[in-house]
Amino acid sequence: MKHPSSHQYTATTRRHLSGHRQRYALPPATGEEPAMAINHFTVANEAPGLQAQAWREYVGRIMDVPVSRSQRKHGFRGEISTYVLKDLIFLDSRTDAVCQVRSPGYISRDGMRDYVFHVAIEGIIETEVGGGSRKAAQFVPGILALDMNQTMRMMRPASARVLAFFLPRHVVEAAIPDAEAIHGQVVNYSSPLTRLLFDQLMALCRTLSTLPPSELDAALRRCGELILAAFVKQTRLESGQRAAVRAAWQDKIRLYIDANLYRQDLTPEHILQTFPLSRPSLYRLFEAEGGLAAYVRNCRLREAANELVLAPETAIAEIARDLAFQSPAHFSRVFRSAYGMAPLDFRAMQLDWLRP
């Protein structure tokens with residue numbers, strides 16, 4: 001695979017790049033910044049036992065690639081070409097079978113927040129999202145959307161060729177209001193729009209190494225725009241279905257919260273671990289309530305108000321402790337903020353009203 005301005009990195013150069021912080025280890029710009037930067041990386045010149053580790057170090061800026069004993073013993077084939085345009089990054093890679101993981105640790109350490117759209121040219125790719133609760137099988141043909149702000153685990157088969165289009169977060173979210181929900185979704189080539197997209201992608205694969213820069217720039221942008229348009233259309237078609245799914249999840253989680261108000265570990269983190277939803281999706285369900293933590297707190301306050309009246313002999317401090325408030329003083333403060341009076345005054349007033 002030959003490319004203009006291509007670079008092959010040996011172990012010496014790779015060690016130099018290990019401290020390089022630019023995304024995808026692009027060569028430093030010289031003079032005026034070009035309209036497109038092109039970079040080629042391969043592990044072919046490494047010793048077989050070092051090839052998988054070289055690949056891991058190269059892509060390790062944005063995801064982890066566990067190295068297997070077999071890869072250390074038999075070697076690993078991996079090459080990737082990177083094309084960087086303004087507001088678009090395109091990758092064309094071929095690898096042996098490999099696992100790629102984007103964990104919470106990676107997300108917390110890097111600044112990668114783009115959306116990436118994977119195009120499977122060869123092989124079947126399986127991707128787990130939502131902490132392994134949901135799998136996306138990406139057959140040929142198909143395009144997989146991933147939000148780099150969410151976790152994923154991807155298994156690529158041997159001899160896989162994958163194209164990847166990285167689009168800035170603000171561009172995708174401007175086109176798709178609920179963009180985080182496309183994480184793990186696959187678009188197939190079953191409509192006139194997506195069949196046109198398939199033709200454009202295949203033409204790109206055939207001419208990638210021969211197009212002059214201006215035509216390559218236009219071809220990459222055209223494919224990126226068509227991919228985004230395909231997901232916009234699918235999102236609109238599924239918006240009613242997703243609204244029903246969101247309502248069902250809200251009901252299920254609210255019932256769970258109501259049934260577990262006295263659990264000391266009933267926190268947003270606990271709820272996140274209990275239900276197979278991503279953090280952004282779960283929090284978005286309760287956005288209108290001021291957030292998930294606020295919703296749980298308000299449910300506990302309502303339960304506390306009932307306890308104050310229905311169990312008049314129970315000490316206020318005991319009610320606060322049972323409902324997991326930090327302290328009686330903290331409970332009194334948030335109760336006063338919600339009901340406009342102290343818990344003791346609320347109990348007295350309600351009991352006065354209930355007397356014959």
Side-chain angles (χ1 to χ4, degrees), residues 23 61-64 87 89 100-118 126-136 138 143-154 164-187 227-228 230-257 260 265-299:
R23 283 195 305 188
R61 291 163 179 79
I62 57 172
M63 64 184 66
D64 190 22
D87 288 339
I89 296 175
Q100 299 181 159
V101 181
R102 185 152 172 86
S103 64
Y106 266 80
I107 294 173
S108 66
R109 288 194 299 269
D110 68 23
M112 168 58 74
R113 296 297 180 266
D114 294 348
Y115 285 84
V116 57
F117 299 88
H118 282 263
E126 287 192 355
T127 305
E128 295 179 355
V129 296
S133 62
R134 185 158 53 95
K135 290 187 178 182
Q138 187 182 4
I143 302 175
L144 169 69
L146 292 173
D147 175 6
M148 296 298 279
N149 200 36
Q150 300 186 50
T151 60
M152 68 91 179
R153 181 183 181 88
M154 176 183 289
F165 292 80
F166 286 75
L167 300 182
R169 193 170 197 86
H170 70 273
V171 171
V172 178
E173 292 183 344
I176 304 175
D178 193 15
E180 292 168 342
I182 69 174
H183 182 60
Q185 287 190 10
V186 176
V187 161
I227 289 172
L228 185 56
F231 276 91
V232 167
K233 184 175 181 179
Q234 177 169 284
T235 300
R236 288 173 179 167
L237 291 173
E238 296 176 352
S239 60
Q241 180 184 5
R242 285 204 311 275
V245 171
R246 282 198 299 267
W249 274 118
Q250 277 182 327
D251 291 344
K252 189 171 184 177
I253 295 170
R254 283 172 174 161
L255 287 171
Y256 181 84
I257 291 171
N260 292 275
D265 64 346
L266 184 67
T267 62
E269 197 64 32
H270 168 80
I271 297 170
L272 184 64
Q273 293 171 3
T274 303
F275 293 91
L277 294 171
S278 69
R279 189 182 301 271
S281 296
L282 178 60
Y283 283 13
R284 192 164 51 245
L285 289 177
F286 293 89
E287 188 174 6
E289 310 279 355
L292 182 57
Y295 178 78
V296 173
R297 183 183 64 246
N298 290 336
C299 287

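Computed over heavy atoms, backbone and side chain alike; hydrogens, waters and symmetry mates excluded.
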Is the shortest side-chain heavy-atom distance between [X] and [Y] below 4.5 Å?
| X | Y | answer |
| --- | --- | --- |
| I182 | Y115 | yes |
| V171 | L228 | yes |
| D178 | T235 | no |
| D147 | V129 | no |
| R102 | D110 | yes |
| I253 | L277 | yes |
| Y283 | P268 | yes |
| H118 | M154 | yes |

Taking 4.0 angstrom as the limit, do E173 and R113 come out as a salt bridge?
no
Point-to-point distance, once rounded to the nearest 0.5 Å, from [atom1] of [X] to [atom2] of [Y]:
| X | Y | atom1 | atom2 | value |
| --- | --- | --- | --- | --- |
| L282 | E287 | CG | CD | 12.0 Å |
| R284 | S278 | CZ | OG | 6.5 Å |
| I227 | L167 | CD1 | CG | 7.5 Å |
| I271 | R279 | CD1 | CZ | 12.0 Å |
| H270 | D265 | NE2 | CG | 5.0 Å |

Test of understanding: with salt bridge (charged side-chain N to carboxylate O under 4.0 Å, His left out), list the residues that count as partners of D64, not counting sequence neighbours.
R56
R61 and M112: CA distance, side-chain angles, deciding distance, side chain to side chain contact (heavy atoms under 4.5 Å, CB included) verdict
CA-CA 9 Å; R61 291 163 179 79; M112 168 58 74; over 6 Å; no
Check [X] against [Y] and note the closest heavy-atom contact, atom names and distance.
| X | Y | result |
| --- | --- | --- |
| Q234 | V186 | OE1-O, 3.8 Å |
| I257 | L292 | CD1-CD1, 4.2 Å |
| V172 | A179 | CG1-CB, 4.0 Å |

Main chain of W249, side chain of R254: is a donor-acceptor contact present, judged purely on distance under 3.5 Å?
no
Whether Q185 side chain and A145 backbone form a donor-acceptor pair below 3.5 Å
no
Quick one: sort the F275 and Y256 rings into parallel, tilted or perpendicular, breaks at 30° and 60°.
perpendicular
Between F117 and F231, what is the ring plane arrangement, given parallel below 30°, perpendicular above 60°, and tilted in between?
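Ring orientation of F117 relative to F231: tilted.
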With side chain to side chain contact (heavy atoms under 4.5 Å, CB included) as the test, pick out the partner of F166 among D114, D87, L146.
D114
Please lay out, stage by stage, how N149 and H183 fare under the test side chain to side chain contact (heavy atoms under 4.5 Å, CB included).
CA-CA 9 Å; N149 200 36; H183 182 60; over 6 Å; no
Taking atom types as modelled, find out whether E180 and Q150 have a side-chain donor-acceptor pair closer than 3.5 angstrom.
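Q150 and E180 do not have a side-chain donor-acceptor pair below 3.5 Å.
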